[in-house]
Participant: 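Have a look at this one.
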Amino acid sequence: MITWSQKRIQAFQKTLLDWYDHHKRDLPWRKDHDPYHIWISEIMLQQTQVQTVIPYYLKFMKQFPTVQSLATADEAKLMKAWEGLGYYSRARNLQRAARQLVDDYQGKWPTTVGGLQELSGIGPYTAGAIASIAFNRPVAAVDGNAFRVFARLLEIDDDVAKPQTRKVFEKIINQIISKDRPGDFNQAIMDLGASYMTATNYDTSQSPVRAFNQAYIDGIESQYPVKTKKKRPIPVDYFGLVIHSTKGYLFEQRPAKGILAGFWMFPLIDQQELINDQPTSKQVLIQRLQDKLAADYQLQVSLSEIDHQPVSHTFTHQKWQITLLSGELPADSDLSFFPGKWIPAADFEAMTFSKVQSKMWLKYEKSVKTL
DNA sequence: TACGCGTGGTC
DNA sequence: TGACCAAGCGT
């Protein structure tokens with residue numbers, strides 16, 4: 001790692017901010033410095049690309065224009081507004097924080113990094129972003145862009161996948177950040193990280209700060225940032241049950257914690273739970289599943305495989321392969337032993353479907369049409 | 001600290 | 001296809 005003199009720091013600030021003044025991206029949350037606008041955009045942008053966020057942000061602001069409106073929003077409508085963005089705990093934390101602001105802060109924002117971090121869903125990065133952009137505090141906002149940009153500029157060799165590394169970058173950036181325009185400085189780093197200094201296919205030779213980029217000068221830019229590899233998603237095989245009656249389709253609510261927490265979905269049965277000993281054929285597993293539904297839930301249903309091609313969906317840590325099984329039940333079936341309910345297809349529109357639920361429904365619909 | 005948490009895009 | 005990436009946070 002190299003270090004910069006005060007003179008070099010000032011030259012960097014000027015070069016960066018001059019470039020930002022002429023080339024900054026025109027983004028809907030950059031029209032003002034309203035902390036509510038900055039906050040919502042920053043939460044949406046966590047692990048999510050700008051182009052994906054823009055339409056969600058615009059719609060969200062029409063639907064929930066103020067902290068107050070968010071605090072009192074209907075949770076189902078809030079989740080519907082978030083549908084497709086992923087990491088749904090972000091939306092729930094958003095409302096929790098809005099209620100904190102209304103109930104505990106009399107609607108007045110904390111303006112320091114420490115104060116902002118008291119709010120649900122606001123961690124070190126988002127606190128830094130809001131504090132600098134909305135409240136002009138000279139504090140670093142260390143996200144993936146900052147990691148990438150400063151690792152290359154200064155040849156920082158710390159592993160950015162390790163939590164403790166954030167402090168290393170924070171310390172350095174807090175020395176380099178413009179004390180006059182901290183918000184613009186942080187946003188300029190983000191624009192740089194999204195244009196000339198992306199993770200792959202970057203074109204540093206045209207970057208406005210190429211003269212400050214030690215890794216580029218040394219021809220070793222591809223080595224930065226140093227980041228250890230992630231683990232492969234674990235494969236999990238499920239049966240997905242599309243059980244229909246004249247009352248609709250049978251849904252089950254997922255547990256309050258874990259993946260897709262609280263979502264209503266077609267019931268999923270882990271195929272592993274049906275395998276006691278030797279490897280068995282799919283037909284045997286389906287028979288065992290029918291027996292289990294009858295024994296555990298008093299549901300007598302004949303299941304047939306919809307399509308031999310399973311629905312596949314990959315999350316960060318799991319890869320699901322779902323074999324869809326369909327069946328019919330009488331509308332007066334006793335559901336008191338089954339933790340679920342009938343939902344008519346007409347109600348789907350108002351529900352929040354996860355991507356994998358949408359995939360199951362689409363595949364089922366298509367198979368019905370081709371029959 | 002390491003891991004769990006979604007989705008869409010790229011190569 | 002798989003691997004990796006994209007304005008991280010909570011536990």
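Every chain is numbered from 1 and lettered A, B, ... according to where its sequence line falls, protein lines coming before strand lines. No experiment lies behind these values; they were computed from the predicted model shown.
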Participant: Taking atom types as they are modelled, is there a donor-acceptor pair under 3.5 Å from the base of B:dG6 to the side chain of A:Tyr87?
Facilitator: yes

Participant: Let me spell it out: for each of A:Arg90 and A:Pro163, pick the nucleotide of DNA chain B with the closest heavy atom. Which residue's pick is nearer the 5' end?
Facilitator: A:Pro163

Participant: Work out how far the P atom of C:dC4 is from that of B:dC3, and round it to whole angstrom.
Facilitator: 16 Å

Participant: Could you check A:Ile234 against A:Phe353 and say which one's nearest nucleotide on DNA chain B is further toward the 5' end?
Facilitator: A:Ile234

Participant: How far, in whole Å, is C:dA6 from B:dC5 if one measures between their P atoms?
Facilitator: 22 Å

Participant: How long is the line joining CE of A:Met79 and P of B:dG6, in whole Å?
Facilitator: 9 Å

Participant: Name the nucleic acid region contacted by A:Asn186, choosing base, sugar-phosphate or nothing; use a 4.0 angstrom heavy-atom cut-off, strictly under.
Facilitator: nothing

Participant: Flag the pair A:Phe263 / A:Phe353 as yes when their ring centroid distance falls below 6.0 Å, and as no otherwise.
Facilitator: no

Participant: Dump the intermediate steps for side chain to side chain donor-acceptor pair (under 3.5 Å) on A:Ser336 and A:Asp334, then the final yes or no.
Facilitator: CA-CA 6 Å; A:Ser336 55; A:Asp334 182 7; 2.6 Å; yes

Participant: Taking NZ, NE, NH1 and NH2 as the nitrogens, is one of them in A:Asp191 or A:Arg25 under 4.0 Å from a carboxylate oxygen of the other?
Facilitator: yes

Participant: Just compare C:dC5, C:dG8, B:dT7 and give me whichever is closest to any side-chain atom of A:Tyr125.
Facilitator: C:dG8

Participant: If you check the A:Tyr88 side chain, which of B:dT7, C:dA3, B:dC11 turns out closest?
Facilitator: B:dT7

Participant: If you take the centroid of each ring, where Trp contributes its six-membered ring, are A:Phe185 and A:Tyr20 closer together than 6.0 Å?
Facilitator: no

Participant: Is there a donor on the side chain of A:Arg25 or the base of C:dA7 sitting less than 3.5 Å from an acceptor on the other?
Facilitator: yes

Participant: Under 3.5 Å, is there an N or O donor on one side and an acceptor on the other linking the side chain of A:Thr316 and the base of B:dG6?
Facilitator: yes

Participant: Taking atom types as they are modelled, is there a donor-acceptor pair under 3.5 Å from the base of B:dG6 to the side chain of A:Thr314?
Facilitator: no

